[in-house]
2 protein chains.
Amino acid sequence: MPEPAATTRPLAHPGSAEIRLEGVLHALSDPVRLSIVRELAAAAEELACSHFVLPVTKSTTTHHFRVLREAGVVRQTYRGTTKLNDLRRADLESLFPGLLDTVLTAAGAEAARLNVPAAGVRP
Amino acid sequence: MPEPAATTRPLAHPGSAEIRLEGVLHALSDPVRLSIVRELAAAAEELACSHFVLPVTKSTTTHHFRVLREAGVVRQTYRGTTKLNDLRRADLESLFPGLLDTVLTAAGAEAARLNVPAAGVRP
DNA sequence: GCCGAGGTACGAGAACCATCGTAGGACACG
DNA sequence: CGTGTCCTACGATGGTTCTCGTACCTCGGC
């Protein structure tokens with residue numbers, strides 16, 4: 001085998017053809033997972049699981065990352081003991097053009113709407 | 001009260017400010033509900049619940065329409081005994097620009113991909 | 001070879017959800 | 001007023017999901 005490459009342990013990912021729209025929408029409909037995806041989209045590079053500060057335990061974090069991976073939203077690769085996460089932008093874009101960007105924009109708009117009502121409406 | 005208008009019984013809808021992205025995505029992540037929304041989008045006018053042919057019983061149909069209504073995706077109004085359904089396009093568009101159209105396009109693409117593999121790949 | 005840090009597997013429990021059947025309310029039409 | 005159609009309410013049930021704690025594994029470095 002001439003290809004140990006960067007990965008050490010195997011991680012099952014769905015192929016592009018296996019990705020289902022309902023699965024993607026469901027994966028994105030959880031607040032924790034949506035925040036993960038938003039942070040991944042904002043970062044220019046892959047992020048380790050340990051980088052994220054989430055309001056759940058480590059076990060639950062693993063669970064959410066698996067849901068995202070099995071839905072085809074993120075790709076995960078081992079790098080030593082740490083696991084790197086990356087959005088599958090190209091796959092999602094070719095399957096559902098514009099979907100990811102639109103959802104990310106919507107999530108940003110909602111975050112701004114909920115967290116920063118700011119001035120002019122109520123004291 | 002000078003406004004009996006077209007509605008007879010009251011139906012609770014979330015205001016625009018109450019609509020949450022996660023709720024919308026969750027509402028759209030069910031195949032039955034997604035097919036409802038697709039049909040509503042294709043039709044140029046409001047459709048009665050009884051118009052839809054779904055693989056579930058009437059009770060379950062009621063449930064799905066309620067989920068869509070409470071998520072802010074559809075607006076329902078009574079017209080005699082029948083209930084008319086309409087997409088809340090304007091509200092969704094102003095909250096999450098492009099989201100509905102993108103999801104509908106993606107749903108159409110996926111339907112074409114899954115139902116019509118057609119020629120060239122496998123007999 | 002051993003330890004620590006990052007992650008996982010395995011239960012396990014609570015909550016939620018989709019589904020159904022049956023009973024019942026609201027309206028139109030006679 | 002009675003009857004039928006459309007839809008709803010109310011359980012009830014089985015499945016999925018979110019959450020956790022604990023024990024375990026894998027890798028890198030000492």
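Numbered from 1 within each chain, the chains take letters A, B, ... in sequence-line order. What you see below is based on every heavy atom in this structure, not just the backbone, and it leaves out hydrogens, waters and symmetry mates.
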### Task
Looking at every strand, decide which applies to A/H64 at a 4.0 Å heavy-atom threshold: base, sugar-phosphate, or nothing.
sugar-phosphate
### Query
Between A/V67 and B/C49, which is nearer to the 5' end of DNA chain D once each is assigned its nearest nucleotide?
B/C49
### Task
Would you kindly give the NE2-to-P distance between B/H26 and C/dA18, to the nearest whole Å?
5 Å
### Query
Is the side chain of A/E110 donor-acceptor paired with the backbone N or O of B/L21 at a distance under 3.5 Å, no angle test?
yes
### Task
Report yes if at least one side-chain N or O of B/S59 is closer than 4.0 Å to OP1 or OP2 of C/dT19; otherwise report no.
no
### Query
Does C/dA18 have OP1 or OP2 sitting under 4.0 Å from an N or O in the side chain of B/R33?
yes
### Task
Check the distance between D/dT17's P and A/E70's CD and give it to me in whole angstrom.
10 Å
### Message
Categorize B/S50 for me: base, sugar-phosphate, or nothing, with a 4.0 angstrom heavy-atom threshold over every strand shown.
### Response
sugar-phosphate
### Message
Please tell me if B/T81 has a side-chain N or O lying less than 4.0 Å from either OP1 or OP2 of C/dA26.
### Response
no
#### Entry: Length of the CG-P vector between B/L28 and C/dA18, whole Å
12 Å
#### Entry: Any A/R66 side-chain nitrogen or oxygen under 4.0 Å from OP1 or OP2 of C/dA9
yes
### Query
Just checking B/T82: base, sugar-phosphate only, or nothing, at a heavy-atom cut-off of under 4.0 Å?
sugar-phosphate
### Query
Quick one: A/D30 CG to D/dC18 C1', roughly how many Å, whole number?
8 Å
## Note on the structure
Rounded to whole Å, the CZ-P distance (A/F65 to C/dG7) equals 8 Å
### Query
Out of C/dG7, C/dC20, D/dC7, which nucleotide sits closest to the side chain of B/V56?
C/dC20
### Message
Output the rounded distance in Å from CD (B/Q76) to C1' (D/dC6).
### Response
13 Å
### Query
Would you say B/E93's side chain and B/G98's backbone share a donor-acceptor pair under 3.5 angstrom?
yes
### Task
Mind calculating the distance between NE2 (A/H63) and C1' (C/dC10) to the nearest angstrom?
14 Å
### Message
Checking the side chain of A/N85 only, and the main-chain atoms of A/Q76 only, is there a donor and an acceptor separated by less than 3.5 Å?
### Response
no
### Query
Would A/T60 and A/T57 count as having a side-chain donor-acceptor pair, cut-off 3.5 Å?
yes
#### Entry: Member of B/V32, B/L40, B/T61 meeting the side-chain contact (heavy atoms from CB on, under 4.5 Å) criterion with B/F52
B/L40
### Task
Nearest whole angstrom, please: distance from the C1' of D/dC18 to the NZ of A/K58.
19 Å
